[in-house]
2 protein chains.
Amino acid sequence: MRAGASVFEVPPPRDERELLSRALALEGRTLEVIAAEVGVPAPGSGLRAKGKVGELIERALGARAGTASVPDFTHLGIELKTIPVDDAGNVQESTFVCRVSLHDADRAEWDTSAARAKLACVLWVPIVVPRDGSDRRVGRAVLWRPSAEEEAVLRSDFEEIMGTIGIGGIEGVTARAGQALQLRPKADSGRARTLAFGAEGERIATVPRGFYLRTRFTARILESTRVTSPTPIE
Amino acid sequence: MRAGASVFEVPPPRDERELLSRALALEGRTLEVIAAEVGVPAPGSGLRAKGKVGELIERALGARAGTASVPDFTHLGIELKTIPVDDAGNVQESTFVCRVSLHDADRAEWDTSAARAKLACVLWVPIVVPRDGSDRRVGRAVLWRPSAEEEAVLRSDFEEIMGTIGIGGIEGVTARAGQALQLRPKADSGRARTLAFGAEGERIATVPRGFYLRTRFTARILESTRVTSPTPIE
DNA sequence: ACGGATCCATCATTGGATCCAG
DNA sequence: CTGGATCCAATGATGGATCCGT
């Protein structure tokens with residue numbers, strides 16, 4: 001217990017096994033309980049809490065959220081993502097992946113992209129949000145690496161979207177493009193602007209964008225490892 | 001040309017081939033043109049036209065719609081269904097199959113049901129409804145008989161729904177039941193009533209119901225024979 | 001009441017906008 | 001400006017209601 005360090009601070013996990021085992025140990029605990037254990041105020045529900053949950057779980061697993069420029073478990077090559085699910089385990093939201101640089105999209109390649117690096121290995125920690133408004137709890141964590149099929153879809157989406165941006169078509173790209181990966185605004189407001197190029201090569205100012213995983217893509221990842229299978233015939 | 005008969009009257013088709021060939025020949029024609037050819041006023045678009053389109057196509061194919069108690073192509077064992085689709089060929093609506101007798105549902109069996117008979121062989125005639133409001137046209141007709149898999153789904157839905165009604169559970173059956181076949185009101189208004197039985201065997205008055213095919217089930221039937229495949233990866 | 005269907009208010013989905021801390 | 005995400009108004013899907021002619 002050194003001066004200046006919280007008595008509750010969790011050390012970084014030494015390896016993948018330790019990280020996963022810690023994450024699995026959180027299953028069933030409410031966010032309030034976990035917050036108390038790591039010594040931070042409990043994140044409020046709803047407003048004023050975006051991003052707080054992710055930071056709480058990072059801290060609980062030893063990522064020392066918000067204290068340095070080295071987030072998540074970079075030393076293990078693992079990305080942490082919390083993901084809201086309902087009582088039945090259904091994924092409720094899309095997942096932010098990374099920002100997209102619009103001004104040099106013509107040189108982007110999937111194999112060397114930030115998107116691919118972020119998605120190479122993800123520790124998914126479901127946050128169960130009960131419909132009746134009772135306390136949020138942690139669900140069963142899943143450590144995921146894309147299958148060949150999944151990566152093929154991601155690559156295809158990436159190339160389609162970046163290709164369109166690369167030829168000056170950013171203004172024609174909506175969140176409807178992409179089976180798994182989609183492009184959406186990533187800014188504090190719709191008035192934020194960043195540099196891009198138009199169809200004639202002219203400089204244009206447009207809202208910053210980021211890649212997101214569609215809800216249904218993440219849903220499949222979590223379903224494939226769920227204990228009770230809902231057997232969807234359709 | 002006999003007295004009393006329309007000069008435009010189409011004779012009944014002699015066989016399946018002739019019927020299908022006539023239906024395929026309608027592809028691309030607008031409803032207005034077909035109406036003029038068979039000598040009836042063009043069905044209005046939207047309101048005041050429910051059912052009119054089906055009767056127009058019946059007449060154009062030789063079913064003599066609305067003139068007798070023998071509709072469709074009973075002599076060939078073929079049911080005609082017009083089905084609205086958008087410009088891209090996407091099915092827009094569910095399809096009425098038949099009314100359901102609620103008071104003797106406990107004795108109903110799929111093999112001898114009106115629903116199975118109606119769906120044994122269907123000539124689907126797509127009606128293309130352009131989004132821009134331009135004239136409706138006939139699409140490419142499809143003659144369909146359920147595959148073993150399709151019939152298994154239909155049978156399962158039928159048995160589940162009729163089973164529930166049979167034990168007095170009609171008031172618990174909503175249009176959410178059934179993968180392919182669903183039960184919905186079939187009446188001129190929500191105040192119409194017919195005889196059924198409740199959970200204690202008591203007589204109850206409830207809104208008349210009918211079987212309908214879900215939009216997505218019909219969509220698959222038409223997709224499976226569509227020339228240009230949209231390649232849905234998901 | 002039956003047989004031909006479509007209409008439309010309500011619910012579910014989701015694309016685009018936004019929130020917070022460092 | 002970045003990394004952590006959720007919010008919510010507008011669009012889409014569909015369950016229940018309805019329309020017409022015989």
Side-chain angles (χ1 to χ4, degrees), chain A residues 43-59 63 65-72 79-84 90 92-99 114 118 127 129 173-177 182-192 194 207-210 212 214-216, chain B residues 43-59 63 65-72 79-84 90 92-99 114 118 127 129 173-177 182-192 194 207-210 212 214-216:
Chain A
S45 53
L47 268 165
R48 313 289 115 174
K50 298 181 185 182
K52 286 298 183 196
V53 175
E55 290 162 14
L56 169 63
I57 302 300
E58 284 182 346
R59 185 174 291 255
T67 61
S69 57
V70 181
D72 292 17
E79 175 74 14
L80 174 69
K81 291 289 180 194
T82 58
I83 178 77
N90 302 115
Q92 300 296 291
E93 279 287 354
S94 55
T95 304
F96 173 67
V97 177
C98 62
R99 287 171 191 268
K118 285 277 189 181
I127 303 297
V129 184
V173 179
T174 72
R176 287 168 185 82
Q182 60 178 174
L183 193 75
R184 303 225 305 271
K186 173 57 176 166
D188 277 5
S189 96
R191 279 89 71 194
T194 190
V207 65
R209 309 293 211 287
Y212 294 77
R214 286 186 183 279
T215 300
R216 59 182 177 240
Chain B
S45 54
L47 269 164
R48 313 289 115 172
K50 298 181 184 180
K52 287 298 183 194
V53 174
E55 290 162 14
L56 170 64
I57 302 300
E58 285 182 345
R59 188 175 289 255
T67 62
S69 57
V70 181
D72 291 17
E79 175 75 13
L80 173 69
K81 291 290 180 193
T82 58
I83 179 75
N90 302 116
Q92 301 297 290
E93 279 288 354
S94 56
T95 304
F96 172 66
V97 177
C98 61
R99 286 169 190 269
K118 285 278 189 181
I127 304 297
V129 184
V173 180
T174 73
R176 288 169 184 81
Q182 61 178 174
L183 194 74
R184 303 224 306 272
K186 174 56 176 167
D188 278 5
S189 97
R191 280 89 71 196
T194 191
V207 65
R209 310 294 211 287
Y212 294 77
R214 286 187 184 279
T215 300
R216 59 183 177 237

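Every chain is numbered from 1 and lettered A, B, ... according to where its sequence line falls, protein lines coming before strand lines. Basis for what follows: all heavy atoms, side chains included, without hydrogens, waters or symmetry-related copies.
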* Taking atom C1' of C:dT6 as reference, at what distance in whole Å does atom NZ of B:K186 sit? -> 10 Å

* Where do B:P84 and B:V129 come nearest, in terms of heavy atoms and distance? -> CB-CG2, 4.2 Å

* A:P208 near the nucleic acid: base, sugar-phosphate alone, or nothing, with a heavy-atom cut-off under 4.0 Å? -> nothing

* Sequence neighbours left out, what passes salt bridge (charged side-chain N to carboxylate O under 4.0 Å, His left out) with B:E93? Give chain and number order. => none

Tabulated below should be each protein N or O lying under 3.5 Å from an N or O of nucleotides 11-15 of chain C; please produce it.
{"residue": "C:dG15", "atom": "OP1", "partner": "A:R214", "partner atom": "NH1", "Å": "3.3"}
{"residue": "C:dG15", "atom": "OP2", "partner": "A:A175", "partner atom": "O", "Å": "3.4"}
{"residue": "C:dG15", "atom": "OP2", "partner": "A:Q182", "partner atom": "NE2", "Å": "2.4"}
{"residue": "C:dG15", "atom": "OP2", "partner": "A:R214", "partner atom": "NH1", "Å": "2.8"}
{"residue": "C:dG15", "atom": "O3'", "partner": "A:R176", "partner atom": "NH1", "Å": "3.3"}

* **Value in whole Å for how far the P atom of C:dC7 lies from OH of B:Y212** => 14 Å

* **Non-neighbouring partners of A:K186 that pass salt bridge (charged side-chain N to carboxylate O under 4.0 Å, His left out), sequence neighbours left out** => none

* Mind calculating the distance between CZ (A:R191) and C1' (C:dA17) to the nearest angstrom? => 9 Å

* Go through the structure and list residues passing side-chain contact (heavy atoms from CB on, under 4.5 Å) with B:A114, not counting sequence neighbours. => B:C98

* To do: Could you tell me whether B:T82 contacts a base, only the sugar-phosphate backbone, or nothing, with contacts defined as non-hydrogen atoms closer than 4.0 Å?
  => sugar-phosphate

* To do: Identify which nucleotide among D:dG4, C:dC2, D:dT18 has an atom closest to any side-chain atom of B:R99, counting heavy atoms from C-beta outward.
  => C:dC2

* Could you tell me the separation between the CD1 atom of B:I57 and the P atom of C:dA5, rounded to a whole number of Å? => 9 Å

* Between D:dG3, C:dA17, D:dA17, which one does the side chain of B:P185 approach most closely? -> D:dA17

* Upstream residue (5' side of DNA chain D) when A:T95 and A:C98 are each assigned their closest nucleotide -> A:C98

* Under 4.0 Å: is that the gap between some side-chain N or O of A:K81 and OP1 or OP2 of D:dT6? -> no

* Phosphate contact (C:dG22 OP1 or OP2) by A:K52 side-chain N/O below 4.0 Å -> no

* Asked: With a 4.0 Å cut-off on heavy atoms, is B:R209 in touch with a base, just the backbone sugar-phosphate, or nothing at all?
  -> nothing

* Tell me: CD of B:E79 to C1' of C:dG4, nearest whole Å? -> 10 Å

* Can you name the residues that form a side chain to side chain donor-acceptor pair (under 3.5 Å) with B:S94, not counting sequence neighbours? -> B:R184

* Asked: Touch check for A:A192, heavy atoms < 4.0 angstrom, all strands: base, sugar-phosphate only, or nothing?
  -> nothing

* **Distance in Å, B:I57 CD1 paired with B:K81 NZ, rounded so as to fall on 0.5 Å steps** => 14.0 Å

* Rounded distance (nearest 0.5 Å) linking atom OG1 of A:T82 with atom CD of A:E55 -> 9.5 Å

* Write down the distance between CZ (A:F96) and P (C:dG16), rounded to a whole number of angstrom. => 17 Å

* Distance in angstrom units between A:D188 CG and D:dC1 C1', rounded -> 9 Å

* To do: Please report, rounded to the nearest Å, how far the C1' atom of C:dA17 is from the CG atom of A:L183.
  => 14 Å

